[in-house]
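Here's the structure, in structure tokens; my notes come after.
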Amino acid sequence: MTRPILLVLTATAVLCGSFAPSAAQELDNDASTLLLLHCNNNLTGASGETPTTQSGVTFENAVHGKGARFAANNQVWFDPAGNIDGTQGTLELWIKPAWASDDGLSHDILRWGDAGGMVIGKDGAAYLHVDVNRYTPQWLGTGVVLHGEWPAGQWHHCAFTWGPGELEVYVDGRVRARLVPAYPPPSVSAMLQIGGIDIHNG
């Protein structure tokens, strides 16, 4: 079992705190949580973490309290030190996209680094995915095609897990994709980007 990192974020959507799918109740911080963002009217983490850069994010009603709305090209960056582990972890979030899954665009939820780094999001082919070791011979990824499943304006609970044993994608409480990686995820040296930026075709 990988060590969880609970982040609450989205791209061009409303995002709210991290919850169990069956109960809209904010999770408490615990020893296995590296970064917990409830996004309830601010982007400060449960342990006092603050973004190094943020612009344009607003807040509106969400599953529990308020959620952060990320429009295209909003920027939120965190120092990764102590906030994410590239070798193993879990990203968990509620997301209400302002886009349909078949919109033909890519929407990054989380991006960490470029070559050798990690990206989690939906691509232009409606593929909701987690990728590690990007742009290297060890590039690995798994995900689920969401053709017609996500019209704009509906809430979904998602979790993405990475580690030496498997990559997994959960949607609304069900495992939708799983891959046993041939190579372990690497540590990454770059700033941690959360949602709403670099929305592009393809």
Side-chain angles (χ1 to χ4, degrees), residues 2-30 32-47 49 51 54 56-72 74 76 78 83-84 89-103 105-112 118-123 126-130 143-144 146 148-162 167-177 192-197 199:
T2 57
R3 184 171 73 173
I5 165 177
L6 300 177
L7 287 160
V8 197
L9 44 93
T10 190
T12 316
V14 178
L15 166 87
C16 63
S18 187
F19 316 111
S22 61
Q25 186 172 9
E26 289 183 332
L27 293 179
D28 293 326
N29 215 5
D30 61 30
S32 66
T33 302
L34 298 181
L35 178 62
L36 175 58
L37 304 176
H38 290 303
C39 296
N40 196 352
N41 275 328
N42 64 66
L43 295 171
T44 301
S47 296
E49 305 92 340
Q54 63 177 350
V57 176
T58 58
F59 300 90
E60 60 184 69
N61 292 333
V63 173
H64 183 80
K66 297 289 186 179
R69 180 177 178 81
F70 288 72
N74 289 167
V76 177
F78 277 86
N83 289 329
I84 189 169
T90 299
L91 167 70
E92 180 182 354
L93 59 113
W94 279 100
I95 181 171
K96 185 176 79 171
W99 37 264
S101 54
D102 293 318
D103 69 351
L105 299 175
S106 293
H107 300 275
D108 294 338
I109 294 172
L110 178 146
R111 179 177 285 200
W112 189 19
M118 173 188 299
V119 66
I120 294 173
K122 183 200 74 77
D123 68 15
Y127 187 69
L128 183 69
H129 60 93
V130 53
V144 56
L146 297 174
E149 290 188 43
W150 281 19
Q154 293 185 358
W155 283 104
H156 298 278
H157 185 274
C158 298
F160 306 86
T161 297
W162 62 93
L167 303 176
E168 294 176 311
V169 176
Y170 295 78
V171 179
D172 296 326
R174 293 191 299 129
V175 178
R176 297 293 302 274
L192 177 63
Q193 171 193 318
I194 294 176
I197 184 173
I199 297 173

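Position 1 is the first residue of the sequence; numbering continues from there.
Of all heavy-atom pairs between G67 and A62, the closest is N-CB, 3.4 Å. For the residue pair N61 and W155, the shortest heavy atom distance occurs at O-CZ2, 4.4 Å. What you find for S101 and A126 is that their closest heavy atoms are O-CB, 3.2 Å. When all heavy atoms of L43 and P51 are compared, the pair lying nearest together is O-CD, 3.7 Å. Closest non-hydrogen pair, D102 versus G148, comes out as OD2-N, 2.7 Å. Pairing each heavy atom of C158 with each of I95, the nearest pair is SG-CG2, 4.1 Å.
Remark: A100 engages no residue in a side-chain contact (heavy atoms from CB on, under 4.5 Å) (not counting sequence neighbours). Evaluation of the side-chain contact (heavy atoms from CB on, under 4.5 Å) rule for E168 yields T161, E166, Y170, R178 as partners, not counting sequence neighbours. Listed by chain and number, the residues in a ring pair (Phe, Tyr, Trp, His ring centres under 6.0 Å) with Y127 are H129 (sequence neighbours excluded). For W150, the ring pair (Phe, Tyr, Trp, His ring centres under 6.0 Å) criterion is met by H156, not counting sequence neighbours. Not counting sequence neighbours, the partners of N42 by the side-chain contact (heavy atoms from CB on, under 4.5 Å) test are T44. Partners of T58 by side-chain contact (heavy atoms from CB on, under 4.5 Å), not counting sequence neighbours, listed by chain and number: R69.
Here the CD-NZ distance, from E60 to K96, works out to 5.5 Å after rounding to the nearest 0.5 Å. Taken from NZ in K122 to CG in L146, the straight-line distance is 8.0 Å, to the nearest 0.5 Å. Atom-to-atom distance recorded for E49:CD and L192:CG is 11.0 Å, nearest 0.5 angstrom. Annotation: the span from M118 atom CE to I84 atom CD1 amounts to 5.0 Å, rounded to 0.5 Å. The distance from atom CZ of F160 to atom CG of L128, rounded to the nearest 0.5 Å, is 4.0 Å. Once rounded to the nearest 0.5 Å, the distance linking CG of D108 with CG of D123 reads 10.0 Å.
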Q. What do the steps show when you test E92 against H157 for side chain to side chain contact (heavy atoms under 4.5 Å, CB included), and what is the final call?
A. CA-CA 8 Å; E92 180 182 354; H157 185 274; 3.0 Å; yes
Q: Could you please spell out the steps behind the side chain to side chain contact (heavy atoms under 4.5 Å, CB included) verdict for I194 and L37?
A: CA-CA 11 Å; I194 294 176; L37 304 176; 3.9 Å; yes
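Among the candidates L110, I120, V119, the single residue satisfying the side-chain contact (heavy atoms from CB on, under 4.5 Å) test with V130 is I120.
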